[in-house]
A.B. asks: 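Attaching a single structure in structure tokens format; questions to follow.
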Amino acid sequence: MHSSCSVRKIIVWSLCLIFSLSYSVLVCASSRPKHLCRQDQRDALWELKSEFHLNGTAANEKTQTWRNNSDCCSWYGITCDPKTGNVVELKLWSSSLNGPLKSSSGLFKLQYLQSLNLNSNNLAGILPDSIGNLKYLRDLSLFGCNLFGKIPSSLGNLSHLTHLDLDGNGFTGELPDSMGNLNQLTKLLLASSKLSGNFPHVLLNLTELTAINLVSNQLEGTLPSNMSSLSKLEFFDIGSNSFSGFVPSSLFMIPSLIHLKLERNHFNGLLEIGNISSPSKLQTLSLGGNSLSGPIPRFISKLVGLSYLDLSFWNTLRGMVDFSIFLHLKSLTFLDISTLNSRSIVDMSLFSDFMSLSLLSLSRNTVKISSTLHMVSPIGSLALASCNMSEFPKFLQTQTSLFSLDISDNRIKGQVPAWLWSLPGLGYVDFSRNSFNSFDGPAGVLQRSELYMLDISSNTFKNPFPLLPKSMTFLAASDNQFSGEIPKTICELVSLETLVLSNNNFSGSIPRCFENFNTKLTVLHLQNNSLSGKFPEESVSVGLISLDVGHNQLSGELPRSLINCTHLEFLNVEENKLNDTFPLSLRLLPGLQFLVLRSNKFYGSIYSPGGSLNFPKLRIFDISKNLFSGALPSDYFAGWSEMSSGVFIADNKQQRFIGISFSNYLKSVVLANKGLEMKLLGITFSMYKSIDVSGNRFKGEIPRSIGLLKEMIVLNMSNNAFIGSIPPSLSNLTNLQSLDLSRNTLSGKIPPDLGKLTFLAWMNFSYNRLEGPIPQGTQIQSQTSSSFAHNPGLCGAPLQKTCSGGGEEDDEGKQYQEDEEENDQVLSWIAAAIAYVPGVFCGFIVGLILISYRHDWFKRIFHYFS
């Protein structure tokens, strides 16, 4: 009985165990994970990943974490619809995606996408029309993707779009009219691109817009008068464009507007505002850098919510300004009322009770500062440049939050007070263009500060040179009276990026310890001192953008290490004793724009037979007053593309900081123009294009390819031994203002079409062997006879010698026109050959490689690219 009972128990427990195991197996089988992601969506994402080059090392290559055998809805940056498994969000910002978006990209197969964020990837190329296929998109963000070309009109198909961010690309042309279809759009961000044309009127139909950002484009024309139709607008920024005309008063009628930024345009005239019925919500009003004129409107005093106000460069027409209108704006943190062109005196005590003012710019006004002034606000940035001050402002002693200080271009003299360097946050200081002569306090008083940038140029500072903190990144001490050797203590400033010591009395050699700067130093200007000896190879920082050692007594060769400065744009070694051949290797520097070797002892040929002649970015080429010799090949200038185009290159190397402008390290060279030496500096560099090879020993004919340089302004080839005729192609240089071909051995006739160059204000053909009648034309006839002197065969005005025969000049003009057409054809073939010959060579090599391998390998390659 007992045994039978035991057997039953064993059977029951066995059945229970079997049942339990079976249930577990069923549960496990039924709980096997099922992928949410649809197969077609995974395939599209995998295809998208394969379209971009990844090296597998960068930590931000987020698609590297994707695995094809896993649920794509769990992949980084992917969000799926939990019901359908469709990908609805793709967020791969800063993911090291490199390569253009193709119109057939897997991206455009994700047709249920609602949010797409590819910000800060390198998608260099156009934005394909296929973007319009993503018809469910609500949020499209492609900020900083290096996109270019026109914005595709297919964007107008995205009728659900509410947020569009295309900031920081290179889009050109106008906004497509189809953008007017995006009637649900609330944010339109198109800043920092190259859009052109007038303000897009289609935007006025997008009444849901709350933000428009078109800053830093190339837009122009006037703003529409009915801006108030954008009744929900909160943010409007069109700064740094070329808009003109009146500022429409309707902008101030938008009740929701909080931020209004119109700075750095060409708006002009009076600012007239109608009656504002409701209290304004404006917190930002930026109108600076325009051409607005007349009195500052009193209605500004009613904008009591303002925290940011910029009225700089407002032309009050030498009128009086009622500064009391600012007393009501107690919430201000930023106030710029510099350059008002007013007779009024700005009393700093006006702002003494402001509680939150952190940036104040009063530059280029007459400012009164009481010796007992106390500012309640913790000022962070103060600009008092050119304010007619004669004393150092003592109230700064209590400004412990001061970060940047600009008191340049005043009449302050004597010592810089020692207490200034005890201000704990002081980083940027500009004392330039005053009469300071020394620093008060012990020798190391500045070393204990946290200075990053110091400009003491154009004062009367003398030795000893100040000891500086190692935090320095910018030092400008030009135009002072420092002497002796350049102090070795400068080499301890290992973070230095800009060093300007021009126009002092420094002597000795360039310190070898400059090698401490390694890759950091980008600007080194030592112009107009008495430095001697060789330029040490190791003292050349490979990060140099601008190097100026002109007007010294340096000898020997140019440092060969300059070839490592791949970012070099400006090189000036004029007026030294350098003895070297032409630095042909510099043609390998892709960004070189200014090359000045003037007045040295350089010698020999300036080209290498069979080598490249290209200087594609060069804008100023001055090798005058050297010992260069030899003939120049006819196609010498064929690869100088920058002088052939009308592209404007902005000088972006001038570093600007809040309330402070360090501009005294700007480049400067002495060039010959219109028979006189002139100093070229500042913004002029952005517009100037010139070639000066005068005062050498060149021979042979003037290269006909000179006629390709259609943007050249100054050409000086005088004082050489050029022979042959003047190239008729010179008449192609329609921007030429100065031409000097004097003191050569040129023969033949002056090309008649030179008389048609309307900008050619100065020319000199004297001391040659030219003959025949001087061409007629206003510009030529306005020259003095000395421009044609000592050419025995020349005749006609402005010379007193008359020409015999009436029809001779017309016949010669026709002949020269035919010659010019023939030469233009030759020049075109020369330029084409520059591109054609390497192409044929590369094609031959590729063909040789292909036929050298198996046919099936070729087929696989062809299939891959298909």
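Counting from 1, the numbers follow the sequence of the chain as shown.
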A.B. asks: Could you check if a side-chain atom of F535 sits within less than 4.5 angstrom of a side-chain atom of L526, using non-hydrogen atoms only?
C.D. replies: no

A.B. asks: Is any NZ, NE, NH1 or NH2 atom of the basic residue among K534 and E537 found under 4.0 Å from an Asp or Glu carboxylate oxygen of the other?
C.D. replies: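 Result for this pair is no, no salt bridge flagged.
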
A.B. asks: Can you name the closest pair of heavy atoms from L340 and T316 and give their distance?
C.D. replies: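 Closest heavy-atom pair between L340 and T316: O-OG1, 2.8 Å.
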
A.B. asks: With no hydrogens and no angle check, is any side-chain donor or acceptor of N576 less than 3.5 Å from a backbone partner on N600?
C.D. replies: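 Pair absent, no side-chain N/O of N576 close to backbone of N600.
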
A.B. asks: Go through the steps to decide whether I713 and S690 satisfy the test side-chain contact (heavy atoms from CB on, under 4.5 Å), and finish with yes or no.
C.D. replies: CA-CA 6 Å; I713 293 176; S690 73; 5.9 Å; no

A.B. asks: Do V540 and N564 make a side-chain contact, defined as non-hydrogen atoms from C-beta onward lying under 4.5 Å apart?
C.D. replies: no

A.B. asks: Going through the checks in order, is the side-chain hydrogen bond (donor to acceptor under 3.5 Å, both in side chains) test met by N480 and N504?
C.D. replies: CA-CA 5 Å; N480 279 287; N504 280 283; 4.9 Å; no

A.B. asks: Indicate the atoms forming the closest heavy-atom contact of S541 with F517, along with that distance.
C.D. replies: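 Closest approach of S541 to F517, heavy atoms only: OG-O, 4.4 Å.
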
A.B. asks: If you count every heavy atom of other residues, nucleotides or ligands that lies below 6.0 Å from L627 atom CG, does the total exceed 12?
C.D. replies: yes

A.B. asks: With a 4.5 Å heavy-atom cut-off, do F354 and L360 have their side chains touching?
C.D. replies: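 Answer no - side chains too far apart.
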
A.B. asks: Counting only N and O atoms by type, is there a donor-acceptor contact under 3.5 Å from the side chain of D310 to the main-chain atoms of K261?
C.D. replies: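 Flag not set: sc D310 to bb K261 has no pair under 3.5 Å.
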
A.B. asks: Return yes if some donor-acceptor pair links the side-chain N/O of R560 with the main-chain N/O of L558 below 3.5 Å, else return no.
C.D. replies: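 Flag set: sc R560 to bb L558 pair under 3.5 Å.
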
A.B. asks: Does atom CD of Q553 have more than 12 heavy-atom neighbours from other groups under 6.0 Å away?
C.D. replies: yes

A.B. asks: Start with the C-alpha gap between V549 and Q527, add the side-chain angles, then the distance that decides, and say whether side-chain contact (heavy atoms from CB on, under 4.5 Å) holds.
C.D. replies: CA-CA 5 Å; V549 293; Q527 188 190 60; over 6 Å; no

A.B. asks: Aromatic rings F403 and Y428: how do their planes relate, parallel, tilted or perpendicular, breaks at 30° and 60°?
C.D. replies: perpendicular

A.B. asks: Please state whether the rings of F392 and F436 are parallel, tilted or perpendicular, taking 30° and 60° as the class boundaries.
C.D. replies: perpendicular

A.B. asks: What's the spacing between I623 CD1 and D692 CG if we round to 0.5 Å?
C.D. replies: 8.5 Å

A.B. asks: For a quick check under 3.5 Å, do S404 and S381 share a side-chain donor-acceptor pair by atom type?
C.D. replies: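 Result is yes, a qualifying pair exists.
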
A.B. asks: Going by atom types alone, do N341 and N315 pair a side-chain donor with an acceptor below 3.5 Å?
C.D. replies: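 A donor-acceptor contact under 3.5 Å links the two side chains.
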
A.B. asks: Check whether any side-chain N or O of S216 sits under 3.5 Å from a backbone N or O of S240 as a donor-acceptor pair, and report yes or no.
C.D. replies: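 Such a contact is absent between S216 side chain and S240 backbone.
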
A.B. asks: How long is the gap from SG on C565 to CG on L547, to the nearest 0.5 Å?
C.D. replies: 7.5 Å

A.B. asks: Can you check side-chain contact (heavy atoms from CB on, under 4.5 Å) on F351 and L332, steps first, answer last?
C.D. replies: CA-CA 10 Å; F351 310 105; L332 281 177; over 6 Å; no

A.B. asks: Would R364 and T339 count as having a side-chain donor-acceptor pair, cut-off 3.5 Å?
C.D. replies: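 The answer is yes; a qualifying pair exists.
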
A.B. asks: Can a salt bridge be assigned to the pair K689 and E642 using a cut-off of 4.0 Å between side-chain N and carboxylate O?
C.D. replies: yes

A.B. asks: For N552 and F506, run side-chain contact (heavy atoms from CB on, under 4.5 Å): C-alpha distance rounded to whole Å, both residues' side-chain angles, the deciding distance at 0.1 Å, then the answer.
C.D. replies: CA-CA 10 Å; N552 281 286; F506 287 116; over 6 Å; no

A.B. asks: Kindly indicate whether the side chain of I545, heavy atoms from C-beta on, has any atom under 4.5 Å from the side chain of F570.
C.D. replies: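 They are not in side-chain contact.
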
